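Each remark here refers to the structure printed beneath this line.
For clarity, every value in this text was computed on a predicted model and none was experimentally measured.
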Amino acid sequence: MLDQRASQLFLSRLQAFHLSEAAIDLALYALQTDPSYAGTEDTPAGVPGSGYSIAVTPDGPSRRILRATGYTSPRHPGEANRVAATIEA
């Protein structure tokens with residue numbers, strides 16, 4: 001049972017990381033089409049209990065800092081409600 005929980009937690013972390021990577025790509029695309037794009041909060045993804053948030057912070061006249069957090073929920077009761085991974089670019 002412990003191995004199953006460890007595997008699920010690993011999978012949840014991996015999914016959260018990939019969601020945050022995809023959110024960075026989405027933010028880059030959004031900024032190309034709309035330079036005033038400021039991000040999004042708690043946007044659901046395709047898997048129930050998963051999603052992402054994007055923050056765009058100006059860093060000078062033509063530079064932006066992107067911070068994306070992907071999150072997902074493990075499927076085992078009693079574990080943490082949300083596993084998250086954050087990437088800053």
Side-chain angles (χ1 to χ4, degrees):
M1 191 70 153
L2 184 59
D3 288 341
Q4 184 181 8
R5 286 185 182 173
S7 294
Q8 183 60 45
L9 184 58
F10 174 78
L11 180 61
S12 294
R13 287 178 179 160
L14 188 60
Q15 289 172 333
F17 175 76
H18 286 296
L19 283 167
S20 60
E21 276 190 321
I24 289 288
D25 289 340
L26 179 65
L28 289 171
Y29 173 78
L31 283 168
Q32 287 177 350
T33 58
D34 178 10
S36 65
Y37 177 73
T40 183
E41 291 186 23
D42 287 329
T43 303
V47 178
S50 65
Y52 61 90
S53 296
I54 302 169
V56 179
T57 307
D59 187 32
S62 62
R63 186 178 156 128
R64 305 287 183 268
I65 297 172
L66 308 177
R67 183 178 176 91
T69 301
Y71 60 85
T72 188
S73 297
R75 295 192 174 135
H76 294 288
E79 291 186 15
N81 289 337
R82 194 180 266 190
V83 175
T86 301
I87 297 176
E88 191 170 284

Run Q15 and L11 through side chain to side chain contact (heavy atoms under 4.5 Å, CB included) and show every step you take.
CA-CA 6 Å; Q15 289 172 333; L11 180 61; 4.0 Å; yes
Pair V83, L9 - check side chain to side chain contact (heavy atoms under 4.5 Å, CB included), show working.
CA-CA 8 Å; V83 175; L9 184 58; 3.8 Å; yes
Under the side chain to side chain donor-acceptor pair (under 3.5 Å) criterion, do T86 and T69 qualify, and how do the steps go?
CA-CA 4 Å; T86 301; T69 301; 2.9 Å; yes
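Between A30 and T33 the shortest heavy-atom distance is O-OG1, 3.1 Å. Taking all atoms of both residues into account, the shortest heavy-atom contact from Y71 to L19 is O-CD1, 3.4 Å.
Taking S20 as the reference, nothing meets the side-chain hydrogen bond (donor to acceptor under 3.5 Å, both in side chains) condition, with sequence neighbours excluded. Applying the side chain to side chain contact (heavy atoms under 4.5 Å, CB included) rule to L26 yields the partners Y52, I54; only residues at least two apart in sequence or on another chain are considered. Taking the salt bridge (charged side-chain N to carboxylate O under 4.0 Å, His left out) definition, one finds that D34 meets it with nothing, sequence neighbours left out. Under the salt bridge (charged side-chain N to carboxylate O under 4.0 Å, His left out) criterion, R64 pairs with no residue at all, not counting sequence neighbours. Residues forming a side-chain hydrogen bond (donor to acceptor under 3.5 Å, both in side chains) with T57 (at least two apart in sequence, or on another chain): none.
Applying the salt bridge (Lys or Arg N to Asp or Glu O under 4.0 Å) definition to pairs two or more places apart or across chains, those involving residues 35-52 are D42-R82.
Side-chain contact between I87 and L66 is absent, with no heavy-atom pair separated by less than 4.5 Å.
Note: H18 NE2 to L14 CG = 4.0 Å, rounded to the nearest 0.5 Å.
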